[in-house]
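As C-alpha cells, the structure follows; a few thoughts come after it.
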Amino acid sequence: MLKSVSSHKPAMRKSLGIALLILASVFFFSACGNDEPAKTQVDPEAYKDPLVKVNKELVKKENAEIDSYIARYQWNMQKSGTGLRYLIYEKGSGTKADTGMRVEIRFKVNLINGQVVYDSKTDGMKTFVLGKAEVESGLEEGIMLMKAGDKAKLIIPSHLAYGLLGDENKIPKRATLVYDVELVSVYR
C-alpha cells in the first residue's frame, strides 16, 4: 500500500534537521583537537546565499523537466501558485472535496521518467482526510480542486511531494511525481 507520509512539511523538517546536524558537526569537528581559542568563527549566513542559489537552480531544472514532459504528452495543464500542474480530464458530478472531508482515490503514481512506483490496482485504494497532512501536500492540493467522479492528471514537484529524501521506499530523493487519480468518493 502507498506509504502514508505527511505533507512535505515533515520531509522539510527532516531535511532541515539533517542540514543543521551537518552544520553542527562541522562546527564541532573544527573545534575538536584545537586547544587554541578559535581565531575565526564560521558565520552560518555565509552558507545561506550559496544554498539559496543551488536550490533555485534545482527548482529551475525540475520546472524545465516538467514543462518538457507536459509538451511531450501535449497536455493542456494548469499551474497553481505552488507549482502543482493539473488537468481534470473527466468531470464527475459528485461532492466537491474540501478540508476536513474524507476522500477515497484510485491512483497510479509514476516518476517523471515513466517508472510506475505505486498503483491502486496492486496497492489498494487510498483513503485520507484532507487537511490532516496524511499525504503529500501536492496530492491534497490537487484533490481539493476535484469533485467525486473527477479524473485528473497531477504533476507534483518534489517540494510538494517527498522532498529531499524521498519516501524511503520506492520514491527517490527530489522526485517529481505524476499522478493519474480518480476521486471515487467524498464524505464527512
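Along the sequence shown, residues are numbered consecutively beginning with 1.
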Exercise. Can you tell me if Asn110 and Tyr118 form a side-chain donor-acceptor pair at under 3.5 Å?
Worked result: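 On atom types as modelled, these side chains do not qualify, holding no pair under 3.5 Å.
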
Can [Y] be reached from [X] by stepping across I, L, V, M, F, W or Y side chains whose heavy atoms are under 4.5 Å apart?
{"X": "Leu177", "Y": "Ile66", "value": "no"}
{"X": "Leu183", "Y": "Leu145", "value": "yes"}
{"X": "Ile155", "Y": "Val181", "value": "no"}
{"X": "Leu160", "Y": "Ile171", "value": "yes"}
{"X": "Val117", "Y": "Tyr162", "value": "yes"}

[Y] side chain reached by [X] side chain, heavy atoms, under 4.5 Å:
{"X": "Leu154", "Y": "Leu139", "result": "yes"}
{"X": "His159", "Y": "Val59", "result": "no"}
{"X": "Lys173", "Y": "Leu164", "result": "no"}
{"X": "Met125", "Y": "Val184", "result": "yes"}

Exercise. So with a 6.0 Å cut-off around NZ of Lys108, is the heavy-atom count from everything else above 12?
Worked result: no

For this session: Hey, could you give me each pair passing salt bridge (Lys or Arg N to Asp or Glu O under 4.0 Å) that has a residue in residues 47-65? Not counting sequence neighbours.
Result: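 For residues 47-65: none.
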
Problem set entry | Whether Asp123 side chain and Ser120 backbone form a donor-acceptor pair below 3.5 Å |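 Flag not set: sc Asp123 to bb Ser120 has no pair under 3.5 Å.
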
Exercise. Is a side-chain donor or acceptor of Glu140 paired with a backbone partner of Leu130 at a separation under 3.5 angstrom?
Worked result: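 Checking the backbone N and O of Leu130 against the side chain of Glu140, no donor-acceptor pair under 3.5 Å is found.
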
Problem set entry | Working for side-chain contact (heavy atoms from CB on, under 4.5 Å), residues Val109 and Val178 | CA-CA 6 Å; Val109 184; Val178 180; over 6 Å; no

Problem set entry | Val129 vs Glu134, side-chain contact (heavy atoms from CB on, under 4.5 Å): CA-CA, chis, key distance, verdict | CA-CA 7 Å; Val129 177; Glu134 296 175 349; 4.2 Å; yes

Where [X] and [Y] come nearest, the two heavy atoms and their spacing:
{"X": "Tyr179", "Y": "Glu136", "answer": "OH-OE2, 2.6 Å"}
{"X": "Ala148", "Y": "Ser185", "answer": "CB-CA, 4.4 Å"}
{"X": "Ala175", "Y": "Pro172", "answer": "CB-O, 3.3 Å"}

For residues 76-86, tabulate all N or O donor-acceptor pairs below 3.5 Å that involve a side-chain atom, not counting sequence neighbours.
residue: Gln78; atom: OE1; partner: Tyr86; partner atom: OH; Å: 2.9
residue: Ser80; atom: OG; partner: Thr82; partner atom: N; Å: 3.3
residue: Ser80; atom: OG; partner: Thr82; partner atom: OG1; Å: 2.9
residue: Ser80; atom: OG; partner: Leu84; partner atom: N; Å: 3.3
residue: Ser80; atom: OG; partner: Glu141; partner atom: OE2; Å: 2.7
residue: Thr82; atom: OG1; partner: Glu141; partner atom: OE1; Å: 2.7
residue: Thr82; atom: OG1; partner: Glu141; partner atom: OE2; Å: 3.2
residue: Arg85; atom: NH1; partner: Asn63; partner atom: OD1; Å: 3.3
residue: Arg85; atom: NH1; partner: Gly83; partner atom: O; Å: 2.9
residue: Arg85; atom: NH2; partner: Asn63; partner atom: OD1; Å: 3.2
residue: Arg85; atom: NH2; partner: Asp67; partner atom: OD1; Å: 3.3

For this session: Using the test side-chain contact (heavy atoms from CB on, under 4.5 Å), find all partners of Asn113 that sit at least two apart in sequence or belong to another chain.
Result: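 With sequence neighbours excluded, Asn113 shows a side-chain contact (heavy atoms from CB on, under 4.5 Å) to Leu111, Gln115, given in chain and number order.
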
Return a table of donor-acceptor pairs under 3.5 angstrom between the side chains of residues 87-102 and protein atoms on other chains or two or more places apart.
residue: Tyr89; atom: OH; partner: Asp180; partner atom: OD1; Å: 2.7
residue: Lys96; atom: NZ; partner: Met144; partner atom: O; Å: 2.5

Problem set entry | Remaining members of the apolar cluster that contains Tyr187, side-chain heavy atoms under 4.5 Å |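 Joined to Tyr187, directly or through intermediates: none.
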
For this session: State the CE-NZ distance between Met146 and Lys151, to the nearest 0.5 angstrom.
Result: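 If we round to the nearest 0.5 Å, Met146:CE and Lys151:NZ are 10.0 Å apart.
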
For this session: Sequence neighbours left out, what passes ring-ring contact (aromatic ring centres under 6.0 Å, His included) with Tyr69? Give chain and number order.
Result: Tyr73, Trp75

